[in-house]
Amino acid sequence: MAKGALLHDAGALTVTVPMTFRKRGGRKLVIAPNGADAWALPRARIDNTMVKALARAHRWKKQLDSGRFQTVQDLAEAEKINPSYIARVLRLTLLAPDIVEAILDGRQPPGLQLDDLLVPFPVEWAKQESFLGELGGQR
């Protein structure tokens, strides 16, 4: 029943459509089964959580580069956040520009979430796309 089915029972019409529900950024998203035609154009799925994390990372990097804070520890104390979290978020400034643009436009891989971005990833831009694509496809 990959494409769905129509059932006729005593004047009642039952339509079944196989689909999956996934949570993305606190919202539920309907995923069509493989091979099914999409009945509508996919909308941009901007994940505000990832966008905010990217903005924070670049703001914190600018504060460290400008000398406002000398160390990540100083920044963590000022922001009242764990220094290890700040270090993980700061790593987002190393993402390839095309990946950052895709996240800002909502064109990131369907299963990619902020937790996936906070794990160590390759620094080389060419390797990042395949690495993050694999992570996004695992969910």
Mind checking whether Val100 and Val123 sit in one hydrophobic cluster, side chains of I, L, V, M, F, W, Y counted as touching below 4.5 Å?
no
Going by heavy atoms in the side chains, are Phe121 and Leu95 under 4.5 Å from each other?
yes
For Pro122 and Lys127 the tightest heavy-atom approach is CB-CB, 3.8 Å
Partner of Leu54 by side chain to side chain contact (heavy atoms under 4.5 Å, CB included), out of Val89, Ile99, Thr93, Ile103:
Ile103
Distance (rounded to the nearest 0.5 Å) between Asp116 CG and Gln108 CD:
11.0 Å
Do Leu114 and Asp47 have side chains that approach each other closer than 4.5 Å (heavy atoms only, starting at C-beta)?
no
Measuring from Arg88:CZ to Leu117:CG, what's the distance to the nearest 0.5 Å?
12.0 Å
Roughly how far, to the nearest 0.5 Å, is CD1 of Ile86 from CZ of Phe69?
9.0 Å
Partners passing side-chain hydrogen bond (donor to acceptor under 3.5 Å, both in side chains) against Lys52 (at least two apart in sequence or in another chain):
none
Nearest-0.5 Å distance, CG of residue Leu104 to CD1 of residue Ile46:
8.0 Å
Check whether any side-chain heavy atom of Tyr85 lies under 4.5 Å from a side-chain heavy atom of Leu118, and answer yes or no.
yes
Excluding sequence neighbours, so at least two apart, what forms side-chain hydrogen bond (donor to acceptor under 3.5 Å, both in side chains) with Ser84?
Asn82
One should read off an interatomic distance between Arg68 CZ and Asp65 CG, to the nearest 0.5 angstrom, of 13.5 Å
If you round to the nearest 0.5 Å, how far is CG of Leu64 from CG of Asp74?
9.0 Å
Salt bridge between Arg59 and Glu79, side-chain N to carboxylate O under 4.0 Å?
yes
Report yes or no: does Gln128 contribute a side-chain atom to a donor-acceptor pair with the main-chain N or O of Leu94 at less than 3.5 Å?
yes
Are the side chains of Arg107 and Glu101 in touch, meaning some heavy atoms are under 4.5 Å apart?
yes
